[in-house]
Amino acid sequence: MSSASPTARNPVASRPPATQPVPAWAAAAHGLVAGLLTVGLSTLIAAILGWLGGTSGQAAPIAAVSSAFIDRTPPWLKDLAISAFGTNDKRALLVGVVIVLAVLCAVIGILARTRLTAALIAFGVLGGVGVAAVLSRPEASLADAVPTVLGTAAGLWFLSRGTRSAAATGADNPARRLLLGAAVGGSAAYVGWFLGGDSAAATASREAIAREPARATKIPVPAGADLKVPGATPFVVPNDDFYRIDTAIIVPRLNADEWSLRVTGMVEREVALDWNALQDKPMHEAFVTLTCVSNEVGGDLVGNAVWTGWPVRDLLAQAGPLAGADMVLQTSADGWTCGTPLSAMTDGRNALLAVRMNGEPLPFEHGFPVRLVVPGLYGFVSACKWVTELKVTTFAKDVGYWTPRGWSAEGPIKTSSRIDVPRSGATVPAGRVAVAGVAWAQHRGIAEVEVQVDDGPWTPARLAADASIDSWRQWVLDWDATPGSHTLRVRARDLTGALQSAVARPPAPNGAEGLHTVTVRVD
Ligand SMILES: Nc1nc2c(c(=O)[nH]1)N[C@H]1C(S)=C(S)[C@@H](COP(=O)(O)O)O[C@H]1N2
Ligand SMILES: [Mo]
């Protein structure tokens, strides 16, 4: 081995070191590390500035690019992403953005071998895309550009320096520089990501509220509302199990002490409400079942909780909506909007400015400090989380976030029912089997649930006690299961007498229709 040292045999090695070609993989690695440094440092700086209150809290470039992408995603692509990745669609997008960025950085690194200026310009353009994305976020200020500009500068410096010294193999070790750059970039990204997602002040404000004695006593689950059939969904879904749907790449973490809500638009007088003022209002408590319009027949994007809040009709009454207004455009701190019929917020139903979910301050993921809960309407037209503005307006003048993206302007929840047990594909022993699930027809109420086995007659299920017409209702049927394969179907009737639609329709544009059907084996 020592006698055949490649260095000894390689005539190139005897040339001046400055002309030694950098292997392509090393050049690509330099590009990658330059990218990692940029992303890492800008994420960390964004987190620190966000913490100090200097930026909007959305200044990290990867998250901003992903958010900007989400806002511009055509409906067909969004549907494709949801069907491929489910509620992991946002994670998949982040991974996609990182992969694309990594490939571009590697290519730029290879380019830097022969054309350093062109490579630096390309890298600068990438940084520019990041800055543009950051500045396109709602509520962004010029200060939000600072982290990405600084990060890009660090990346450019590393890229130019790395290539030069890789060519000039001196005492300086390029491999060591690569490792060092990767370590600094990687740890900055790691710390920045977690710091950025967890604003200490917001956490402290939520914990302080959690320690306050609850302003309203938690209403108990009415006797008989929870049938407690093993395996069935509980009447009240615990916060940690509650479905979550939103467009937020980074969950907004607002500080309750800094939160305020403005009522604007077609009103006699604009009104502002802050957290302290809200604490003095009489709080109501209500069981309300939220449902996502994207929920498929039999899906789990639906959940019931007890919400504590101030009726939003009282706030709107203070502002005095003008004649002709028919919609309230709700805006979230992250720029998301939804349009709710003014009538649904003023007609006396439990439309709440909710501050608690199942007795706890709202979890950050579910809208801390304040969100809307409007019984009877799908979340995409009613349940604004992290709400900061209510603009009284008209459906003719304004549209919510999802409407130009292929979803309806209005979204009353359709009467639906679901079989929770037995699960589809399960094998159950012959004899008495509890078939159980939930049915919902928010703000109309459930009158009846029926189950059909194979092609048999529709048999009424036993309904749990009714907690409220705004919440779902459990049901159970004792089925005398005989050996073989069986199909179970469920349908519900609401208190207006209308039967659930049996015609299969997809979620878009205004909610799925069809009967939930499961197939089970009986031994
Ligand atoms: N700020 C904000 N609020 C939002 C959304 C959103 O994307 N951003 N999504 C809505 C949708 S589509 C639904 S179904 C409900 C879900 O509420 P949850 O995540 O608390 O279950 O929130 C609504 N509120
Ligand atoms: Mo939704």
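First listed ligand is number 1; within each ligand, the first listed atom is number 1.
- Ranking the protein heavy atoms by distance from atom 17 (O) of ligand 1 puts Arg371 NH2, 3.1 Å first.
- Of the possible donor and acceptor atoms, none in the side chain of Arg491 sits under 3.5 Å from a partner among the backbone N and O of Gln452.
- Contacts of Asp334 with ligand 1, taken as heavy-atom pairs under 4.0 Å, involve the side chain alone.
- Remark: side-chain polar atoms of Thr38 are paired, donor with acceptor, to backbone N or O of Gly151 under 3.5 angstrom.
- Other residues, nucleotides and ligands contribute over 12 non-hydrogen atoms within 6.0 Å of the NZ atom of Lys414.
- When heavy-atom distances to ligand 1 are checked against a 4.0 Å cut-off, Phe380 comes that close through both its backbone and its side chain.
- Remark: among candidates Tyr243, Phe242, Trp407, Trp336, the nearest residue to atom 14 (S) of ligand 1 is Tyr243, based on non-hydrogen atoms.
- Looking from atom 13 (C) of ligand 1 to the surrounding protein, the closest heavy atom is Gly379 CA, 3.7 Å.
- Aromatic ring pairs are classed by plane angle as parallel below 30°, tilted from 30° to 60° and perpendicular above 60°; the pair Trp275 and Phe368 is tilted.
- Put simply, the side chain of Asn358 gets close to the backbone of Val237: a donor and an acceptor are under 3.5 Å apart.
- Within ligand 1, counting atoms from 1 as listed, the ones closer than 4.0 Å to a heavy atom of Thr247 are 6 (C), 7 (O).
- Nearest protein neighbour of atom 23 (C) of ligand 1, counting heavy atoms only, is Ala383 O, 3.4 Å.
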